[in-house]
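Let me begin by presenting the structure, written as structure tokens, before commenting on it.
None of these values were measured; they are calculated from a predicted model. Counting convention: from 1, in listed order, for ligands and their atoms alike.
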Amino acid sequence: MIILHTIAEIRRYVQEQRMGAKTVGLVPTMGYLHEGHLSLVRQAKEHCDVAVMSIFVNPLQFGPNEDFDSYPRDLQRDAALAESAGIDVIFAPSVDEMYPSGNGKSLTHVDVEAVTDTLCGANRPGHFRGVATVVTKLFNIVMPDKAFFGLKDAQQVVVIQQMVRDLNTPVEVVPCPIVREPDGLAMSSRNVYLSDDQRVQAMVLSRSLSMAVERVQQGERDAEALISAVRAMIEEQPLANIDYVQAVSLRDLTPLQTLDQPALLALAVKFGKTRLIDNIVLDIQR
Ligand SMILES: Nc1ncnc2c1ncn2[C@@H]1O[C@H](COP(=O)(O)OP(=O)(O)OP(=O)(O)O)[C@@H](O)[C@H]1O
Ligand SMILES: CC(C)(CO)[C@@H](O)C(=O)[O-]
Ligand code: BAL
């Protein structure tokens, strides 16, 4: 496995692979890898001849009061883990390499409308503009056949799918299932921020989603009632502060009043400064 830092180097590498008729899979990440990321790598190796991982903490998708500076970074550790899962090459550019205009800023942006109006889009202004812009750049740099994204960031998957459809980007977006800790907590690089008490209380996230699925199986169709039940369960944990709990259409992420179609129940909850997200698909037939 090799690590490349410049756009010229990764372009040359991918070009050489293509000359050998190899297909290329891209796993975009912000590093500090865990089993969730490694599951994407395994999918990439299953679908493609060559697996490229990008590791880049993208300043453009962080708000001014978010954790860009403190986001965990450890390239050596990441390289060992990525190699063990079968990655062929890591692309780890600097901020200046990706944003040569300076200060981690871009003069050109990709804005995906409508599907960014709810959930994290409403909660983190500018976040998906930063994500769509950097993913467009990564697609243009690596030119993968397929790109692998985790459904823990379900809205991100919908945004990228919308973007590639609208812009005719020749990349197949492959959504991959959420990987969880044995107690149900969705794996996240940000879990390392949690204190012992916060970590124990964070189990409520996946538990509240499982409870919601049971209620739906028992016939609950009132979205507000379901959301209230989830909120009440989370609020029992004194260290939890809810950013949002929402039920949206799986198709276009618009809020639902009645659960009469396939839906996404998604939440973001802060424990201290640590903001965790999780979601579950409610498999409701029309
Ligand atoms: N638990 C998980 N299961 C499946 N995919 C995951 C999981 N966690 C992250 N991913 C996916 O890995 C890719 C890179 O995500 P990222 O580097 O932001 O990791 P993260 O752990 O989600 O970090 P953060 O703490 O910032 O949310 C994304 O496509 C994301 O959806
Ligand atoms: C897709 C991504 C790598 C873009 O910076 C990021 O949003 C992430 O890690 O999910
Ligand atoms: N996986 C989402 C990246 C972020 O929180 O900025």
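Residue Phe149 is grouped with residue Val281 when hydrophobic side chains (ILVMFWY) are merged at heavy-atom distances under 4.5 angstrom, including chains of intermediate members. A single hydrophobic cluster is not seen to contain both Ile178 and Phe148; linkage of ILVMFWY side chains at heavy-atom distances under 4.5 Å, directly or through other members, places them apart. Both Leu119 and Ile160 sit in one connected hydrophobic cluster of ILVMFWY residues. Membership requires side-chain heavy atoms under 4.5 Å apart, directly or through other members. Hydrophobic clustering of Ile, Leu, Val, Met, Phe, Trp and Tyr side chains at less than 4.5 Å, counting indirect connections, unites Tyr13 with Val24. Residue Leu38 is grouped with residue Met1 when hydrophobic side chains (ILVMFWY) are merged at heavy-atom distances under 4.5 angstrom, including chains of intermediate members.
Heavy-atom contacts of Val134 reach the following atoms of ligand 2: 4 (C), 5 (O) (cutoff under 4.0 Å). Within ligand 1, counting atoms from 1 as listed, the ones closer than 4.0 Å to a heavy atom of Ile178 are 3 (N), 4 (C). Which parts of ligand 1 touch Met187 is read off a 4.0 Å heavy-atom cut-off, strictly below it: atoms 1 (N), 2 (C), 7 (C), 8 (N). Against a heavy-atom cut-off of under 4.0 Å, Met30 is close to the following atoms of ligand 3: 3 (C), 4 (C), 6 (O). Listed by atom number, the atoms of ligand 1 under 4.0 Å from Pro28 heavy atoms are 13 (C), 14 (C). Per-residue contacts place Asp153 under 4.0 angstrom from the following atoms of ligand 1 (heavy atoms of the residue considered): 22 (O), 30 (C), 31 (O). Close approach to Leu40 involves these atoms of ligand 1, each under 4.0 Å from a residue heavy atom: 11 (C), 12 (O), 13 (C), 29 (O). Listed by number with element, the atoms of ligand 1 under 4.0 Å from a non-hydrogen atom of Pro177 are 3 (N), 4 (C). Residue contact check: Pro28 has heavy atoms under 4.0 Å from atoms 3 (C) of ligand 2. Near Ser189, the atoms of ligand 1 lying under 4.0 angstrom from a non-hydrogen atom of the residue are 19 (O), 20 (P), 21 (O), 23 (O), 25 (O).
Remark: minimum distance from atom 8 (C) of ligand 2 to any protein heavy atom is reached at Gln156 NE2, 3.8 Å. Residue, atom and distance of the protein heavy atom nearest to atom 15 (O) of ligand 1 are His37 NE2, 3.6 Å. Distance from atom 22 (O) of ligand 1 to its nearest protein heavy atom, with residue and atom name: Lys152 NZ, 2.6 Å. What sits closest to atom 3 (C) of ligand 3 on the protein, heavy atoms only, is Gln61 NE2, 3.3 Å.
With a 4.0 Å heavy-atom cut-off, ligand 1 is reached by no atom of Ile277. With a 4.0 Å heavy-atom cut-off, ligand 1 is reached by the side chain of Tyr71 but not by its N, CA, C or O. The side chain of Arg190, and not its backbone, has at least one atom closer than 4.0 Å to an atom of ligand 3 (non-hydrogen atoms only; side chain from C-beta on). Contact annotation: for Arg180 versus ligand 1, there are no heavy atoms closer than 4.0 Å. At a heavy-atom distance under 4.0 Å, no atom of Cys176 approaches ligand 1. Residue contacts with ligand 3 for Lys152 are absent, since no atom lies close enough (heavy atoms, distance under 4.0 Å). If you look at Leu138 next to ligand 2, there are no close heavy atoms at all, none under 4.0 Å. The part of Arg124 lying near ligand 3 is the side chain, judged by heavy-atom distances below 4.0 Å.
Taking each of Met98, Met30, Gln61 in turn, the one with a heavy atom nearest to atom 5 (O) of ligand 2 proves to be Gln61. Closest to atom 1 (N) of ligand 3 by heavy atom, among Asp153, Asn58, Val131, is Asp153. Nearest-heavy-atom check against atom 8 (N) of ligand 1 across His34, Gln61, Met53, Glu66 picks out His34.
Atom CG of Leu151 is separated from atom CD1 of Ile280 by 11.5 Å, given to the nearest 0.5 angstrom.
Between Met211 and Val213 there is no side-chain heavy-atom pair separated by less than 4.5 Å.
The shortest N or O to N or O distance between Arg190 and ligand 1 is below 3.5 Å. The distance criterion of under 3.5 Å between nitrogen or oxygen atoms is met by Ser188 with respect to ligand 1. An N or O contact shorter than 3.5 Å links Met30 to ligand 1 by distance. Residue Val179 places at least one N or O, backbone or side chain, under 3.5 Å from an N or O of ligand 1. Residue Gly150 has at least one nitrogen or oxygen atom sitting less than 3.5 Å from a nitrogen or oxygen atom of ligand 1, judged on distance alone.
Salt bridge status for Lys152 with Asp278: absent, with no side-chain N to carboxylate O gap under 4.0 Å. The existence of a salt bridge linking Arg190 and Asp67 is confirmed by a sub-4.0 Å separation between a basic side-chain nitrogen and an acidic carboxylate oxygen. Ion pairing between a basic and an acidic side chain is recognised when a charged N comes within 4.0 Å of a carboxylate O; Glu16 and Arg11 show no such pairing. Salt bridge present: Asp145 and Arg18 bring a charged side-chain N and a carboxylate O closer than 4.0 Å. Salt bridge status for Asp260 with Arg286: absent, with no side-chain N to carboxylate O gap under 4.0 Å.
Geometric assessment of Arg73 against the ring of Phe68 yields a positive cation-pi assignment under the 6.0 Å and 45° thresholds.
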* To do: Apply salt bridge (Lys or Arg N to Asp or Glu O under 4.0 Å) to Arg42 and Glu35, showing your working.
  => CA-CA 10 Å; Arg42 291 189 196 102; Glu35 222 10 78; 2.8 Å; yes
* Asked: Checking ring pair (Phe, Tyr, Trp, His ring centres under 6.0 Å) for the pair Phe91/His5: CA distance, chi angles, key distance, verdict?
  -> CA-CA 6 Å; Phe91 173 50; His5 296 283; 8.6 Å; no
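Residue Glu35 places every heavy atom at 4.0 Å or more from ligand 1.
By the 30° and 60° cut-offs, the orientation of the rings of Tyr99 relative to Phe56 is tilted.
Ser249 places no side-chain N or O within 3.5 Å of a backbone atom of Thr254 that could act as its donor or acceptor partner. In this structure, Gln156 contributes its side chain and Val158 its backbone to no donor-acceptor pair below 3.5 Å.
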